[in-house]
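Data block below; observations after.
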Number of protein chains: 2
Amino acid sequence: MMEIPKSHPRYESLMRREKLVAGIEAGITSMQGLIAHGRGEAFDYLIGERTMDSALQATEVAAAILCDANKPVLSVNGNVAALASPEMVALSRLIDAPLEVNIFYRTEARVKRIKELLMRSGAKRVFGDMPDARLEGIDHARGLVSHDGIYTADVVLAPLEDGDRCEALIAMGKKVITIDLNPLSRTSRYATVSIVDDVQRALRNIIKIIEDNNLSRNADLDSILANYDNRKILKAAINEIAERLVNLEP
Amino acid sequence: MMEIPKSHPRYESLMRREKLVAGIEAGITSMQGLIAHGRGEAFDYLIGERTMDSALQATEVAAAILCDANKPVLSVNGNVAALASPEMVALSRLIDAPLEVNIFYRTEARVKRIKELLMRSGAKRVFGDMPDARLEGIDHARGLVSHDGIYTADVVLAPLEDGDRCEALIAMGKKVITIDLNPLSRTSRYATVSIVDDVQRALRNIIKIIEDNNLSRNADLDSILANYDNRKILKAAINEIAERLVNLEP
């Protein structure tokens, strides 16, 4: 990785970029993943590289859903692995939920390397390398999942997820939590809860909320969900971005 | 390249992505170039993947400057080569201006491959593989240019340029025209004329304007430039993006 001084004003952003390029070199990130990351970077820049109030609200609801789940599963693709393996593993251990490697440009070698990375990072259970079920309506390689993992989960945390797959999971009756910097992406629009934030920032927030509040099964999740409107949260994110934009001087 | 049906609603955007991945495989595009492209994609999405009125105004001024130049040079980096070699070469022939390969993550092999691609696309003169001058204030590899090319040009068309280099060219008294989908980038802010548009769309527009209007040296460039305010054009682009955003429904 390139050396970047911590004092650099855009240190975090540049480090993320270097992590992804290292992810390509390690064979865990795809080239399309780099382009997708660039899109996220643009939105993060417009957001101001911080957690918006609307995103924090979504994050709190996501934490409550995860703690209340019967069978939560945390989905990991190539970009998530490169950017936030330690955080995904920490959350997995904190709520005792398995991870599942679930990549868009699937190759068995890449799945295996991501699983190895997660295991080295301290993961206890990682599905994905022996898929034995399929998401309906998704073409073969992209629909492969594990029966004991995502297929039978009631809650799936799927950061940086593809729109079609997010839609398929919702159609199966699951609650889907996503983390996506683009409030207009199809994934953001389909998910039960969309956190418009950087994946590492969002995961750290989820972990902190769970630890601080000692969240446990069934707070009053029904009333939390009844009061939550994901479209309203997305609209607030869009408005925050637009407001920031018009106040920026070229 | 992946096959994408022409009927796909996002055909142009997906083709650009495939061209860049092919550019990586051919050794002409850098991995950081893919991330940069993703940032551009996000802005193009917000812009609506079309040429904004403000961008067309900037394009018209850019065409007039190029036609009036004593010594225009067209700068080509890895992304420009992958996305718009035919257009850069066509413009180069139309206004009889040389091209110069000028890449940020410089390797001699990459410079050579980009030059070969341009020559195969019909270029007559391509500088960049034998740099013999330097831009002041830019670290070594990134400051290398050709004396008979960019170094002594009066007008440089530098699409997708780096902010530091754009600033160095301006400091040398040159007119710099850039094409950059991010109206807030340092390059957009430093350039003499910033076209906030996709590189291929913008180049095709420049070519069409020159061909249609039979532009020739010295129209009344002084009065054109006196009436042109690049910051105002950028502000208009930002406002158009923000306006579109608040009207989009998540």
Side-chain angles (χ1 to χ4, degrees), chain A residues 2 13-14 16-25 29-46 54 79 105 180-191 194 196 229-250, chain B residues 2 13-14 16-25 29-46 54 79 105 180-191 194 196 229-250:
Chain A
M2 200 167 86
S13 171
L14 295 175
R16 279 195 286 276
R17 209 176 289 173
E18 291 305 315
K19 277 185 197 170
L20 280 177
V21 171
I24 292 260
E25 282 155 7
T29 305
S30 73
M31 287 195 275
Q32 283 83 355
L34 288 190
I35 298 177
H37 180 69
R39 288 195 297 277
E41 264 191 9
F43 281 102
D44 205 18
Y45 173 80
L46 293 177
S54 55
N79 279 20
Y105 293 93
D180 189 328
L181 282 157
N182 179 356
L184 293 156
S185 75
R186 290 169 59 240
T187 299
S188 288
R189 287 187 271 175
Y190 289 133
S194 310
V196 180
D229 181 343
N230 200 52
R231 298 231 156 201
K232 216 164 129 182
I233 289 285
L234 292 174
K235 192 69 195 169
I238 292 168
N239 289 344
E240 264 189 81
I241 293 171
E243 206 170 302
R244 243 183 82 83
L245 254 177
V246 293
N247 290 314
L248 287 170
E249 280 306 317
Chain B
M2 200 166 86
S13 172
L14 295 174
R16 279 195 285 275
R17 209 177 288 172
E18 292 305 314
K19 278 185 197 169
L20 280 176
V21 171
I24 291 259
E25 282 155 9
T29 306
S30 73
M31 287 195 275
Q32 283 83 354
L34 288 190
I35 299 177
H37 180 69
R39 289 196 296 278
E41 264 190 9
F43 280 102
D44 205 18
Y45 173 80
L46 294 177
S54 56
N79 280 19
Y105 294 94
D180 189 328
L181 281 156
N182 179 356
L184 293 156
S185 74
R186 291 169 58 242
T187 300
S188 287
R189 287 187 270 174
Y190 288 133
S194 309
V196 180
D229 182 343
N230 200 52
R231 299 230 156 200
K232 216 164 129 183
I233 289 285
L234 291 174
K235 191 71 195 168
I238 292 167
N239 289 344
E240 264 188 80
I241 292 171
E243 205 170 303
R244 243 182 81 84
L245 254 176
V246 293
N247 290 313
L248 287 170
E249 280 307 317

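Computed from heavy atoms alone, side chains included, the values below leave out hydrogens, waters and symmetry copies. So that the names make sense, note that chain A is the first sequence line, chain B the second, and so on, each numbered from 1.
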Can you tell which part of B/Glu25 gets under 4.5 Å to a heavy atom of chain A, answering side chain, backbone, both or neither?
side chain
Pick from B/Leu34, B/Leu20, B/Val21: which one has the most heavy-atom pairs with chain A under 4.5 Å?
B/Leu34
Picking from B/Asn239, B/Asn182, B/Val246, which has the most non-hydrogen pairs under 4.5 angstrom with chain A?
B/Val246
Could you please spell out the steps behind the side-chain contact (heavy atoms from CB on, under 4.5 Å) verdict for B/Glu249 and A/Lys235?
CA-CA 7 Å; B/Glu249 280 307 317; A/Lys235 192 69 195 169; 3.7 Å; yes
Name all residues meeting the side-chain hydrogen bond (donor to acceptor under 3.5 Å, both in side chains) criterion together with A/Asp44; count only those two or more places apart in sequence or in a different chain, and write none if there are none.
A/Arg16, A/Arg201
According to side-chain hydrogen bond (donor to acceptor under 3.5 Å, both in side chains), who are the partners of A/Arg231, at least two apart in sequence or on a separate chain?
none
Under 4.5 Å from any heavy atom of chain B, what part of A/Leu184 do you find: side chain, backbone, both or neither?
both
Single hit among B/Val196, B/Leu234, B/Ile233 for side-chain contact (heavy atoms from CB on, under 4.5 Å) with A/Pro250:
B/Leu234
Quick one: which of A/His37, A/Arg189, A/Arg244, A/Arg186 has the most heavy-atom pairs under 4.5 Å with chain B, could you say?
A/Arg189
In short, A/Leu248 meets B/Ile238 closest at the heavy-atom pair O-CD1, 4.3 Å
Approximate separation, where rounding is to 0.5 Å, of B/Leu46 CG and A/Ile241 CD1
8.0 Å
Pairwise distance CD(A/Glu18) to CD(B/Gln32) - rounded to 0.5 angstrom
6.0 Å
